[in-house]
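The shown structure was predicted, so the numbers you read here are calculated from the model rather than taken from an experiment. Convention: sequence-line order gives letters A, B, ...; per-chain numbering from 1.
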Amino acid sequence: MAHLNTARTLTLEAFADTIIPGEKRFDDDVAIAGAAPGPGAVAAGAMELLQTPATGVTAGLEHLADALNGHAQAYATELGITLRQPVPPFVELSFADRTALVQRLLTPGHPEKEGWVLLALFSNMAYDSAAHMHTTDAIAAGHPGLLAMGFSKPDVDGLWRFREHSYGRPLARRHPDTTPSGSPA
Amino acid sequence: MIESTDVLVIGSGFGGAITAYHLAAGGANVVVLERGPWLAGADFEHDYLLGSSYTRVFDFVAGDGMSVLSGNCVGGGSVVYFAALPRAPRFVFERQGSIGRRMWPASISRETLDPWYDRVSESLQVEQQTWDDVSYAGGLWAAACDHAGRTANPVPVGIDRAKCTNCNWMMAGCRFDAKRSLLFNYLPAALSHGAQIRPLHEVQRISRTDTGYRVHYNLVDEEDYRIHHGGGEIDAAIVVLAAGAGATPVILQRSAEQLGPMPDAVGRYFSGNGERLNTAVVNEQRVREVLGLSRGDGLAYEANQIGKGPMVANWDRLDGSLPEYSRFSLEQLYFPPGLGTILAQAADATGPTWFGVDKKEMLARWKSWLIIFQMTEDDNEGVFGPPPPTGNAYRISQQMLGRGSLRYDPTPNTLRGWAEADAEVKDILERDGLAKVTPWTNDVVGAYTVHPLASCRIGDDPKTSALDDRHELRGHPGIFVTDGSAVPGALTVNPALTISALAERAIPGIVAAARERGVNVEYDGTLPVSSTKTGALS
């Protein structure tokens, strides 16, 4: 796993928390804004996934964190927001301002959009598919994203099978022009 | 000394496997180069971990305005697809698109293609599903269509229904040998006739020799596809390109320096099959009250995760009397988390729609999602830019994710088709409070297709088609293209059976061209004996 300093880690956590927001991990958690109940992307493992070299984004994380703070500083200046805390500029922004800034960066036409899309994509995937873990391990560990979505448990051999799968009755009329092979005419 | 063979096939999906089988069965020496790995049976994992079969066999190439999903393994798209195998409706073959004349060659219509459809349907063992096979999600879509006065059909599939567990892991390859991919029919049959299949061989370009063509490939690392381990060349009398509509034109673009100018239509007229997706979040109570659906365990639906890809389609708008761009099919479909969730938009969001607080709430109702896949008529507006140094993309991740050169700026015609399809889905699913429906956003990775087509298409007009109606590349005799790139335009239905039928139809012409070049090969039209064992393949 690549090493990031604390400021950059906080910055990227705050970004992931903007994509799938969650509750604070501890009282003075500055990275997570606490904008939504339950665990979010950070608790789901966004930093673990982003620091997995197989993603292809790991080598660029330092640059992305620094660039994000640069954008946050410019955003604060533009909106007359004074940044005073000893935390990175993006982390100091409110959740609403983080969201507004991230929306700008992800807007079609933004010159850096592709980098921010990748960061958003993997932040999301940490939550909704736990791509840094074997899915069976994630389920067994109560991975918060898969749990919240209601992803079902596999059979004991780690494979999914759904014996009950059908309402088992005709539910619509067939199209009148269906051919004997079952295709459109 | 450079290796040589009679026929070199690039890619092992539908277009490559069908060609490799017939040429090998007819007596030709055939080598198939496949850029992806060779997996089968127990190799197919139920796992979203990066590096599992899901990311090894699947490719996601983001372009400018269009992202393309495709197979990346021996068996190509047939390994990762959802095995829906309808024939294209009659009117599709009469389409003009934006070129002011029939896009398809005069020699091809539904009537003339039907015998070839029959053949591939036999080889791939296409079956009609019963209502007992239809998943809860398909049943819900059918019931909603019926409630709205529409019809709905269980779609024909290439699935052994007795083996299917409705696990919905089809995109990672079928663990239960239920999906009748090419690993069970054309490919083992090709091997039994002596064809060689070489995985992790990514063809970069083609050059000319005194007697035929030379194909240049790189050897791809089996784990990190960004790494190549040298490469090589093979000479062949006949080259069949079947690398997929996202890769075939790129190989030809890169070959132009040595082969000479390519037809204008190479890398143009790309179609995303007019595809678009909608996500409905279902109101469970209304499903019970309005549609009378019950799973018998106290639940009305909550079954997004259960099933096998597309089950049921609405074909009411496949009406040839409607104007072009107003015709489409609407198919219930499952997309797994990750690729199937990121672009879904929260209805009535106060902030951002595809991420943030509202999206998280939408994800909490994932079990009640119903995804509807729209296949409309687009305008063939995709154009490939200059090729990347290798392959068809700058690879970002070790597997799966890359950045390609495709540019797609939807025309008003395409946008109109999408809007009409969106409105139809909304009318059906929001009726009587059944669900809230939103389209997937195109703001993140552009539009999104799992059925890339037409980037090197057949036709009668040399200005707007790269191939003649025998699938031979104009100006480059002995090079044939038999994959989805040869299909002239959007089909309004899943294209695998049409791609396969066209490949079957192209075989006699390829055999004749091979014979002209001194290859000892016959065409007898025998179909592969279906195999239920993958042992021969691994």
Do you know which of [options] has the most heavy-atom pairs under 4.5 Å to chain A?
{"options": "B/Ala137, B/Gly51, B/Ser294", "answer": "B/Ser294"}
{"options": "B/Glu361, B/Met400, B/Lys308, B/Arg226", "answer": "B/Arg226"}
{"options": "B/Gly351, B/Ala152, B/Pro156", "answer": "B/Ala152"}
{"options": "B/Gly356, B/Ala143, B/Ala364", "answer": "B/Gly356"}
{"options": "B/Leu85, B/Val312, B/Thr55, B/Ile306", "answer": "B/Ile306"}
{"options": "B/Asp316, B/Leu293, B/Thr341", "answer": "B/Leu293"}

Which portion of [X] sits near chain B, non-hydrogen atoms under 4.5 angstrom:
{"X": "A/Ala35", "answer": "both"}
{"X": "A/Tyr127", "answer": "side chain"}
{"X": "A/Leu147", "answer": "neither"}
{"X": "A/Ser181", "answer": "both"}
{"X": "A/His132", "answer": "backbone"}
{"X": "A/Ala41", "answer": "neither"}

Is it the case that B/Asp47 and A/Thr135 place a side-chain donor and acceptor less than 3.5 Å from each other?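 Per modelled atom types, B/Asp47 and A/Thr135 side chains form a pair under 3.5 Å.
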
Tell me, out of [options], who's got the most heavy-atom pairs with chain B below 4.5 Å.
{"options": "A/Arg163, A/Met125, A/Arg174", "result": "A/Arg174"}
{"options": "A/Pro21, A/Gly38, A/Ala36", "result": "A/Pro21"}
{"options": "A/Gly158, A/Ala148, A/Ala130", "result": "A/Ala148"}
{"options": "A/Asp128, A/Val57, A/Thr99, A/Val117", "result": "A/Asp128"}
{"options": "A/Pro170, A/Gly150, A/Gly22, A/Pro108", "result": "A/Pro170"}
{"options": "A/Pro154, A/Ala96, A/Pro39", "result": "A/Pro39"}

Pick one of side chain, backbone, both or neither for [X], based on which atoms fall under 4.5 Å of a heavy atom in chain A.
{"X": "B/Tyr225", "answer": "neither"}
{"X": "B/Asp224", "answer": "neither"}
{"X": "B/Phe176", "answer": "side chain"}
{"X": "B/Trp354", "answer": "side chain"}
{"X": "B/Ser52", "answer": "neither"}
{"X": "B/Val155", "answer": "neither"}
{"X": "B/Ala84", "answer": "neither"}

State, to 0.1 Å, how close [X] and [Y] come at their nearest heavy-atom pair, and which atoms those are.
{"X": "A/Thr55", "Y": "B/Ser397", "answer": "O-OG, 2.5 Å"}
{"X": "A/Pro184", "Y": "B/Pro89", "answer": "CB-CB, 4.1 Å"}
{"X": "A/Met149", "Y": "B/Trp366", "answer": "O-CE3, 3.5 Å"}
{"X": "B/Ala142", "Y": "A/Ala172", "answer": "O-CB, 3.5 Å"}
{"X": "B/Pro337", "Y": "A/Ser129", "answer": "CB-CB, 4.1 Å"}
{"X": "B/Asn153", "Y": "A/His175", "answer": "OD1-N, 2.8 Å"}

Should the pair B/Arg403-A/Glu114 be classified as a salt bridge under the 4.0 Å nitrogen-to-oxygen rule?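 Answer for the salt bridge query: yes.
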
Keeping the roles fixed (side chain from [X], backbone from [Y]), state whether a donor-acceptor pair exists under 3.5 Å.
{"X": "B/Lys360", "Y": "A/Pro37", "value": "yes"}
{"X": "A/Ser166", "Y": "B/Trp131", "value": "yes"}
{"X": "B/Gln128", "Y": "A/Pro180", "value": "yes"}
{"X": "A/Lys113", "Y": "B/Val444", "value": "yes"}
{"X": "A/Glu164", "Y": "B/Arg295", "value": "no"}

Show your reasoning for whether side chain to side chain contact (heavy atoms under 4.5 Å, CB included) applies to A/Ser183 and B/Arg110. CA-CA 12 Å; A/Ser183 280; B/Arg110 172 68 181 265; 4.3 Å; yes

Sequence neighbours left out, what passes side-chain hydrogen bond (donor to acceptor under 3.5 Å, both in side chains) with A/Thr107? Give chain and number order.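 Residues passing side-chain hydrogen bond (donor to acceptor under 3.5 Å, both in side chains) with A/Thr107: none at all.
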
Do [X] and [Y] have side chains that approach each other closer than 4.5 Å (heavy atoms only, starting at C-beta)?
{"X": "A/Thr179", "Y": "B/Arg87", "result": "no"}
{"X": "B/Asp146", "Y": "A/Leu171", "result": "no"}
{"X": "B/Ile342", "Y": "A/Leu121", "result": "yes"}
{"X": "B/Val357", "Y": "A/Phe95", "result": "yes"}
{"X": "A/Arg161", "Y": "B/Asn166", "result": "no"}
{"X": "A/Leu106", "Y": "B/Phe355", "result": "yes"}

Has A/Glu112 got more than 12 heavy atoms of other residues, nucleotides or ligands less than 6.0 Å from its CD?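 More than 12 heavy atoms, drawn from other residues, nucleotides or ligands, come within 6.0 Å of this atom.
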
Does a sphere of radius 6.0 Å around NE2 in A/His110 hold more than 12 heavy atoms from other residues, nucleotides or ligands, not counting ones at 6.0 Å or beyond?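 Counting neighbours around NE2 of A/His110, more than 12 heavy atoms of other residues, nucleotides or ligands fall under 6.0 Å, so yes.
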
Side chain to side chain contact (heavy atoms under 4.5 Å, CB included) between B/His46 and A/Asp155: does it pass, once the steps are laid out? CA-CA 11 Å; B/His46 288 188; A/Asp155 288 349; over 6 Å; no

Could you walk me through whether B/Thr165 and A/Leu159 pass the side chain to side chain contact (heavy atoms under 4.5 Å, CB included) check? CA-CA 10 Å; B/Thr165 67; A/Leu159 300 174; over 6 Å; no

Take the angle between the ring planes of A/Trp160 and B/Trp169 and call it parallel below 30°, perpendicular above 60°, tilted in between.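 Because their plane-to-plane angle lies in the 30° to 60° range, the rings of A/Trp160 and B/Trp169 count as tilted.
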
Give the ring-plane orientation class for A/Tyr167 versus B/Tyr136, where under 30° counts as parallel, over 60° as perpendicular and anything between as tilted.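 Taking B/Tyr136 first and then A/Tyr167, their aromatic rings stand perpendicular (interplane angle over 60°).
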
Output the distance between atom [atom1] ([X]) and atom [atom2] ([Y]), rounded to the nearest 0.5 Å.
{"X": "A/Asp177", "Y": "B/Trp315", "atom1": "CG", "atom2": "CH2", "result": "11.0 Å"}
{"X": "B/Leu401", "Y": "A/Leu118", "atom1": "CG", "atom2": "CG", "result": "6.0 Å"}
{"X": "A/His165", "Y": "B/Cys164", "atom1": "NE2", "atom2": "SG", "result": "7.5 Å"}

Sort by residue number and list every member of residues 81-90 of chain A having a non-hydrogen atom under 4.5 Å from chain B.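 Under the 4.5 Å heavy-atom cut-off, nothing qualifies.
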
